[in-house]
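Because the structure is predicted, anything quoted here is derived from the model rather than measured. Counting starts at 1 for both ligands and their atoms, following the listed order. Just so you know, residue 1 is the first one in the sequence shown, and it goes up from there.
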Amino acid sequence: MVTMTSAPFEYEKPESVAEASRLLSKYGGNGKLLAGGHSLVPLMKLRLASPDALIDLSGINDLKGIKSTANGLSIGSMTTYHELESSSDVQSGAPLLADAASQVADTQVRNFGTIGGAVSHSDPASDLPPVVLALDATMVTGSQRSGREIPADRFFKDFLTTALRPNEVLVRIDIPKLPANTGTAYVKMANKASHYALVGVAAVITLGAGGVCERARVALTGAGPHAVRARRAERILEGKVLAGNVIRNASKRVGAELDGMFNEDVHASAEYREAMTQVYAERAITAAVANAG
Ligand SMILES: Cc1cc2nc3c(=O)[nH]c(=O)nc-3n(C[C@H](O)[C@H](O)[C@H](O)COP(=O)(O)OP(=O)(O)OC[C@H]3O[C@@H](n4cnc5c(N)ncnc54)[C@H](O)[C@@H]3O)c2cc1C
């Protein structure tokens with residue numbers, strides 16, 4: 001029989017990052033931070049997670065809000081998908097993020113789910129991890145004593161595993177300003193029911209003189225155990241005029257970092273995901289180039 005109610009738990013509502021971190025230490029690995037609850041609570045209902053305590057982050061003001069600075073955007077970890085897709089600062093400063101957020105699930109999930117919860121959970125099919133990778137974002141954490149800055153490409157470690165330490169809270173995500181002549185795109189093959197990415201590709205392309213690609217960022221979700229930068233594909237793109245054959249060659253290498261470890265589940269075989277990775281990479285890079293031009 002499948003249980004659809006969670007095991008009993010304590011409820012805590014800290015008002016600061018330091019207090020949340022202290023509570024994480026107090027419960028010694030058996031306390032869970034609660035953001036939008038749209039990944040954690042379903043796991044608890046299925047008893048795949050049974051924390052002793054939920055530490056609700058909604059009372060911490062330092063985790064809220066979107067700030068636009070001279071260097072880019074600073075986005076509080078409790079910012080919801082809806083706030084991301086409807087913010088004019090995000091639409092103009094990081095259109096890739098606004099667009100990807102608008103592709104997540106449905107209105108209800110977008111009203112609750114947060115950027116902090118999405119990246120901290122590191123679900124292999126989640127939409128925002130490849131976006132923060134492609135945007136060269138920095139994850140800023142806090143704990144009882146101090147904080148750290150973790151580049152996005154060192155943050156996602158494995159299936160549901162990040163570089164966050166047991167007593168760390170993700171405070172905000174800093175996104176640098178995009179260089180001039182930069183185009184971005186996120187495209188995904190969505191699961192028809194949940195809209196999670198069977199395969200999703202984020203591309204950020206900066207063009208220089210003569211249409212030569214000065215800088216390429218390509219990142220992948222849905223295909224492997226966690227989101228990854230496609231560095232080998234990026235190297236094929238950089239320094240070249242991005243004609244169709246160059247984009248096609250690079251797209252063939254987008255899954256190279258996965259070393260053959262493509263996901264296989266009821267939704268798609270590993271071979272299918274590998275093939276779709278190439279198709280969606282070509283679409284994302286082509287769209288980003290068009291946007292840059
Ligand atoms: C029906 C449905 C459809 C969905 N479809 C999609 C989809 O199409 N695309 C997609 O990307 N996602 C999808 N999701 C997942 C959804 O986006 C989740 O909301 C998101 O992944 C987690 O964000 P959250 O704020 O709800 O986090 P929570 O569920 O509250 O937390 C998730 C994990 O992150 C930890 N955490 C949360 N905040 C922090 C923080 N600040 N610091 C450190 N750790 C933290 C929690 O302790 C927990 O382990 C779907 C979910 C549902 C229920």
Side-chain angles (χ1 to χ4, degrees), residues 6 9 11-12 14 16-18 20-21 23-24 27 29-46 48-64 75-85 97 99-132 139-143 147-148 150 155-156 159-173 186-200 202 221-222 226-227 267:
S6 67
F9 55 85
Y11 175 78
E12 307 272 8
S16 70
V17 171
S21 170
L23 287 164
L24 283 171
Y27 287 100
N30 294 318
K32 274 282 186 193
L33 299 175
L34 175 70
H38 271 53
S39 286
L40 181 55
V41 173
L43 289 177
M44 290 172 65
K45 285 183 171 177
L46 292 167
L48 295 171
S50 299
D52 291 344
L54 283 188
I55 302 162
D56 185 349
L57 298 176
S58 65
I60 306 179
N61 286 331
D62 286 351
L63 307 182
K64 295 177 186 165
I75 299 177
S77 63
M78 286 295 279
T79 305
T80 63
Y81 295 115
H82 175 67
E83 288 165 332
L84 292 173
E85 65 178 322
L97 182 57
D99 180 33
S102 76
Q103 296 186 45
V104 171
D106 51 35
T107 308
Q108 188 182 1
V109 175
R110 292 201 295 276
N111 277 333
F112 279 90
T114 65
I115 185 170
V119 298
S120 302
H121 195 54
S122 188
D123 188 299
S126 187
D127 291 303
L128 297 196
V131 170
V132 296
M139 316 307 212
V140 182
T141 75
S143 64
R148 290 193 296 157
I150 310 171
F155 188 77
F156 303 102
F159 176 76
L160 304 186
T161 307
T162 68
L164 285 171
R165 293 178 183 143
N167 66 343
E168 256 179 335
V169 178
L170 180 62
V171 175
R172 60 172 207 268
I173 292 130
Y186 176 67
V187 292
K188 69 170 170 178
M189 177 180 226
N191 176 304
K192 292 278 183 258
S194 68
H195 289 197
Y196 273 112
L198 284 175
V199 167
T221 191
H226 60 96
H267 304 297

Enquirer: Atom OH of Y186 and atom CG of D99: how far apart are they, to the nearest 0.5 Å?
Expert: 9.5 Å
Enquirer: Can you name the residues that form a side chain to side chain contact (heavy atoms under 4.5 Å, CB included) with R165, not counting sequence neighbours?
Expert: R148, N167, E168
Enquirer: What's the shortest heavy-atom distance between I173 and L170, and which atoms?
Expert: CD1-CD2, 4.1 Å
Enquirer: When you look for heavy atoms under 4.0 Å from ligand 1, do you find them on the side chain of T114, its backbone, both, or neither?
Expert: both
Enquirer: State, to 0.1 Å, how close D123 and A125 come at their nearest heavy-atom pair, and which atoms those are.
Expert: OD1-N, 2.8 Å
Enquirer: Quick one: which of A20, G117, G37, A100 has a heavy atom closest to atom 28 (P) of ligand 1?
Expert: G37
Enquirer: What atoms in ligand 1 come closer than 4.0 Å to a heavy atom of Y81?
Expert: 16 (C), 17 (O), 20 (C), 21 (O)
Enquirer: Which atoms of ligand 1 have any heavy atom of S126 under 4.0 Å away?
Expert: 11 (O)
Enquirer: Are any of the N/O atoms in H38 less than 3.5 Å from those in ligand 1?
Expert: yes
Enquirer: Answer whether the closest heavy-atom distance between the side chains of V171 and L63 falls below 4.5 Å.
Expert: yes
Enquirer: Can you tell me how far apart OH (Y11) and CG (L34) are? Round to the nearest 0.5 Å.
Expert: 7.0 Å
Enquirer: Above 12 or not: heavy atoms from other molecules or residues under 6.0 Å from NZ of K32?
Expert: no
Enquirer: Does L34, backbone or side chain, put an N or O under 3.5 Å from an N or O of ligand 1?
Expert: no
Enquirer: Given M44, K32, H121, which one has a non-hydrogen atom that is nearest to atom 33 (C) of ligand 1?
Expert: H121
Enquirer: Check each atom of ligand 1 against the heavy atoms of H195 and keep those under 4.0 Å away; list them by number with element.
Expert: 7 (C), 8 (O)
Enquirer: Tell me which protein heavy atom sits closest to atom 46 (C) of ligand 1, plus the residue, atom name and distance to 0.1 Å.
Expert: L33 O, 3.0 Å
Enquirer: Just to confirm my output: which protein heavy-atom neighbour is closest to atom 14 (N) of ligand 1, and how far is it?
Expert: Y196 OH, 3.1 Å
Enquirer: Quick one: nearest non-hydrogen protein atom to atom 42 (N) of ligand 1, plus distance?
Expert: L170 N, 2.9 Å
Enquirer: For ligand 1, indicate whether the residue L57 contacts it via side chain, backbone, both or neither (heavy-atom separation under 4.0 Å).
Expert: side chain
Enquirer: Do any nitrogen or oxygen atoms of E168 lie less than 3.5 angstrom from nitrogen or oxygen atoms of ligand 1?
Expert: no
Enquirer: When you measure from atom 24 (P) of ligand 1 to every protein heavy atom, which one gives the shortest distance, and what is it?
Expert: G36 N, 3.5 Å
Enquirer: Identify, by atom number and element, the atoms of ligand 1 in contact range of A35, meaning under 4.0 Å from any of its heavy atoms.
Expert: 25 (O), 27 (O), 30 (O), 37 (C), 38 (N)
Enquirer: Any nitrogen or oxygen of L40, side chain or backbone, less than 3.5 Å from one on ligand 1?
Expert: yes
Enquirer: So, does T221 use its side chain to make a donor-acceptor pair with the main chain of P124 at under 3.5 Å?
Expert: yes
Enquirer: Relative to ligand 1, is L164 under 4.0 angstrom through side chain, backbone, both or neither, heavy atoms considered?
Expert: side chain
Enquirer: Could you find the nearest protein heavy atom to atom 21 (O) of ligand 1 and give me its residue, atom name and distance?
Expert: S39 OG, 3.0 Å
Enquirer: Identify which of S120, A105, A125 has a heavy atom lying nearest to atom 7 (C) of ligand 1.
Expert: A105
Enquirer: Could you give the distance from OG1 (T80) to NZ (K64), rounded to the nearest 0.5 Å?
Expert: 11.5 Å
Enquirer: Counting heavy atoms only, which part of S77 comes closer than 4.0 Å to ligand 1: side chain, backbone, both or neither?
Expert: side chain
Enquirer: Determine whether the side chain, the backbone, both or neither of K188 has a heavy atom under 4.0 Å from any heavy atom of ligand 1.
Expert: side chain
Enquirer: Less than 4.5 Å apart, any side-chain heavy atom of K188 and any of V199?
Expert: no
Enquirer: Compare all side-chain heavy atoms of I60 with those of P14 and state whether any distance is below 4.5 angstrom.
Expert: yes
Enquirer: Around atom 52 (C) of ligand 1, find the nearest protein heavy atom and jot down its residue, atom name and distance.
Expert: V109 CG2, 3.8 Å
Enquirer: Just distance, no hydrogens or angles: give the donor-acceptor pairs under 3.5 Å from side chains in residues 108-119, sequence neighbours left out.
Expert:
unit_1, atom_1, unit_2, atom_2, d
R110, NE, E85, OE2, 3.0
R110, NH1, V104, O, 2.8
R110, NH1, A105, O, 3.4
N111, ND2, T107, O, 3.4
T114, OG1, G117, N, 2.9

Enquirer: Could you check whether any side-chain heavy atom of H267 comes within less than 4.5 Å of a side-chain heavy atom of Y196, counting everything from C-beta outward?
Expert: no
Enquirer: So how far is it from L54 CG to S6 OG, rounded to the nearest 0.5 Å?
Expert: 7.5 Å
Enquirer: For atom 5 (N) of ligand 1, what is the closest protein heavy atom, and at what distance to 0.1 Å?
Expert: S194 O, 2.9 Å
Enquirer: Counting only N and O atoms by type, is there a donor-acceptor contact under 3.5 Å from the side chain of S122 to the main-chain atoms of T162?
Expert: no
Enquirer: Does G113 reach ligand 1 with a nitrogen or oxygen that is under 3.5 Å from one of the ligand's nitrogen or oxygen atoms?
Expert: no
Enquirer: What is the nearest protein non-hydrogen atom to atom 10 (C) of ligand 1, stated with its residue, atom name and distance?
Expert: D127 OD2, 3.5 Å
